[in-house]
Student: 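Quick one: the structure is below, and I'll ask about it shortly.
Order of appearance sets the numbers: ligands from 1, and atoms from 1 within every ligand.
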Amino acid sequence: MFLPVKKAGRIEKLPPYLFAEIDKKIREALEKGVDVIKLGIGDPDRPTPEYIIQRMQEEVTLPRNHSYPPDEGLAEFREAVSRYYQRRFGVELDPQKEVLPLIGSKEGIAHISACFVNPGDVNLVPDPGYPVYSIGTLFAGGEAHRMPLLEENSFLPDFSGIPEEMARRSRLMFLNYPNNPTGAVAEKDFFEEAVEYAKKHDIVICHDSAYLEIAFDGYRPVSFLEVSGARDCGIEFGSLSKPFNMTGWRVGYAVGSAEVLEALYRYKTNIDSGNFKAVQYAGVEALDNPKSREHIERMQQVYQERRDVVIEALKEAGCRVSAPKASFYVWAPVPYGYTSKDFVSYLLEKTGVVVTPGSGFGVYGDGYFRIALTVEVDRLKEAMDRIKGAVRF
Ligand code: MLT
């Protein structure tokens, strides 16, 4: 095919999206008739709760919801987010200035760099980490400085390891706890250290809290905004996708520093027109309805049972793995002698089970693979039996 226009450098440099690549491999295997079990992308398999769907059904019929939403999002949605923060974390937010609705948190994460990064600036990104942190940085003309998340540091970055020159050039620092892909958690003292570091170096912290409601054994993850001084130097991205099984609805938010949110608002309003109002009202239902607590606790039990199945099977296969306290991922080392990519290809070929290669999340992810706990227990047991039959760690 003749393409008359040369593509921009940023597209030439852009690697294919990790999960789009994995999807391609799944399609190829399915075409060959393989009985594929997908433990790749973290996409909740259970449906959105009925009461949220019902609210959506009501709202979608109302003509008042068919026009453009307000640029700053519906006041009702912003107020529901602020009520949720008060109830859940004891954090007071001004719904006018400290809450901004997003078309899924991925949208805000991808765009925030454009608001703060000039060509030549640096963003500090966790490695392994969600690929969008560094892709947004690249699109803004910035450079990603990778903060290694090492097992010996409980998968927390070591700020003392960041070279002074990098800290000086840094504009944003991305953090994400409960962590994707490692399942690690961070406590208040870690966030306090991050705030101190950010203030010292004039860096904006962008904390991705997508997995804040998915935790096990009674553990309650910490919101970044619970820490004193956090909202002076950063924001927290939140998502309705994972807690409410709403990945396809595209609804999330950013909360925290009014100044940072104003920049993101200004950027966004120039390039998108917000979330469908009916979706925002469904979001209000998710955040406000008392049934949501019950739903979240039920999902925590579901993922915990699945986690236990996976951990037990991996241990039986000789894998040195620890049970995560939160997130719906199990992060485990590949068998000796394999790279992440080789191991994942081997698994798919021998067992039809799809997992994510650790190297897809960065160089420090090599040597690991990730299992998403997003299939029912029977199918998960089947996947783990196949893995045990094919692999000795
Ligand atoms: C993942 O599997 O890492 C996530 O589902 C990706 C996402 O949330 O966009």
Side-chain angles (χ1 to χ4, degrees), residues 14-26 36-48 102-113 125-137 139 149 155 174-185 206-214 221 236-254 275 283 286 299 302-303 306-307 310 324 326-332 340-341 344 347-348 353-362 364-366 368-375 380 383:
L14 191 63
Y17 188 55
L18 173 62
F19 295 105
E21 279 290 277
I22 294 174
D23 267 353
K24 211 163 95 191
K25 292 212 166 99
I26 294 174
V36 174
I37 305 182
K38 299 182 214 165
L39 311 179
I41 193 161
D43 191 358
D45 53 311
R46 297 249 174 132
T48 305
L102 298 171
I103 310 173
S105 57
K106 183 179 185 182
E107 179 254 305
I109 291 169
H111 288 149
I112 190 74
S113 290
V125 302
D127 181 336
Y130 186 42
V132 185
Y133 310 138
S134 44
I135 296 302
T137 307
F139 271 9
L149 304 189
F155 298 111
F174 288 97
L175 296 173
N176 162 223
Y177 293 95
N179 185 255
N180 175 20
T182 66
V185 296
C206 298
H207 181 243
D208 173 1
S209 73
Y211 302 91
L212 203 50
E213 289 287 10
I214 299 167
E236 180 156 88
F237 289 106
S239 171
L240 275 66
S241 291
K242 317 280 164 157
F244 303 109
N245 306 339
M246 291 175 81
T247 47
W249 299 59
R250 309 315 303 143
V251 56
Y253 54 81
N275 307 68
M299 286 313 301
V302 166
Y303 292 128
R306 296 175 183 180
R307 175 201 67 172
V310 168
S327 87
F328 48 47
Y329 301 117
V330 170
W331 182 246
S340 296
K341 276 210 165 133
V344 164
L347 263 196
L348 178 57
V353 176
V354 176
V355 300
T356 309
S359 53
F361 298 97
Y364 292 94
D366 203 7
Y368 291 87
F369 68 105
R370 190 193 78 175
I371 290 180
L373 303 171
T374 46
V375 301
L380 200 53

Student: Check whether the ring centres of Tyr329 and Tyr211 lie less than 6.0 Å apart, and answer yes or no.
Tutor: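 They qualify: ring centres under 6.0 Å apart.
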
Student: Look at the aromatic rings of Phe155 and Tyr368 and report parallel, tilted or perpendicular, splitting at 30° and 60°.
Tutor: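 The arrangement is perpendicular - the two ring planes meet at more than 60°.
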
Student: Considering residues at least two apart in sequence or located in another chain, which fulfil the salt bridge (charged side-chain N to carboxylate O under 4.0 Å, His left out) criterion with Arg306?
Tutor: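 Salt bridge (charged side-chain N to carboxylate O under 4.0 Å, His left out) list for Arg306, sorted by chain: Asp45, Glu376.
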
Student: Sequence neighbours excluded, which residues qualify as ring pair (Phe, Tyr, Trp, His ring centres under 6.0 Å) partners of Phe237?
Tutor: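 Partners of Phe237 under the ring pair (Phe, Tyr, Trp, His ring centres under 6.0 Å) test: none.
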
Student: Tell me every residue that passes ring pair (Phe, Tyr, Trp, His ring centres under 6.0 Å) with Tyr364, counting only those two or more places apart in sequence or in another chain.
Tutor: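 Testing Tyr364 for ring pair (Phe, Tyr, Trp, His ring centres under 6.0 Å), a comparison that skips the adjacent residues, returns none.
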
Student: Counting only heavy atoms and a distance below 4.0 Å, can you name the residues contacting ligand 1?
Tutor: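 Near ligand 1, by chain and number: Tyr17, Phe19, Ile41, Gly42, Tyr130, Asn180, Tyr211, Lys242, Tyr329, Arg370.
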
Student: Decide whether Ser340 and Asp366 meet the rule of one side-chain donor and one side-chain acceptor closer than 3.5 Å.
Tutor: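 Their side chains do contain a donor-acceptor pair, which is all the 3.5 Å distance test asks for.
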
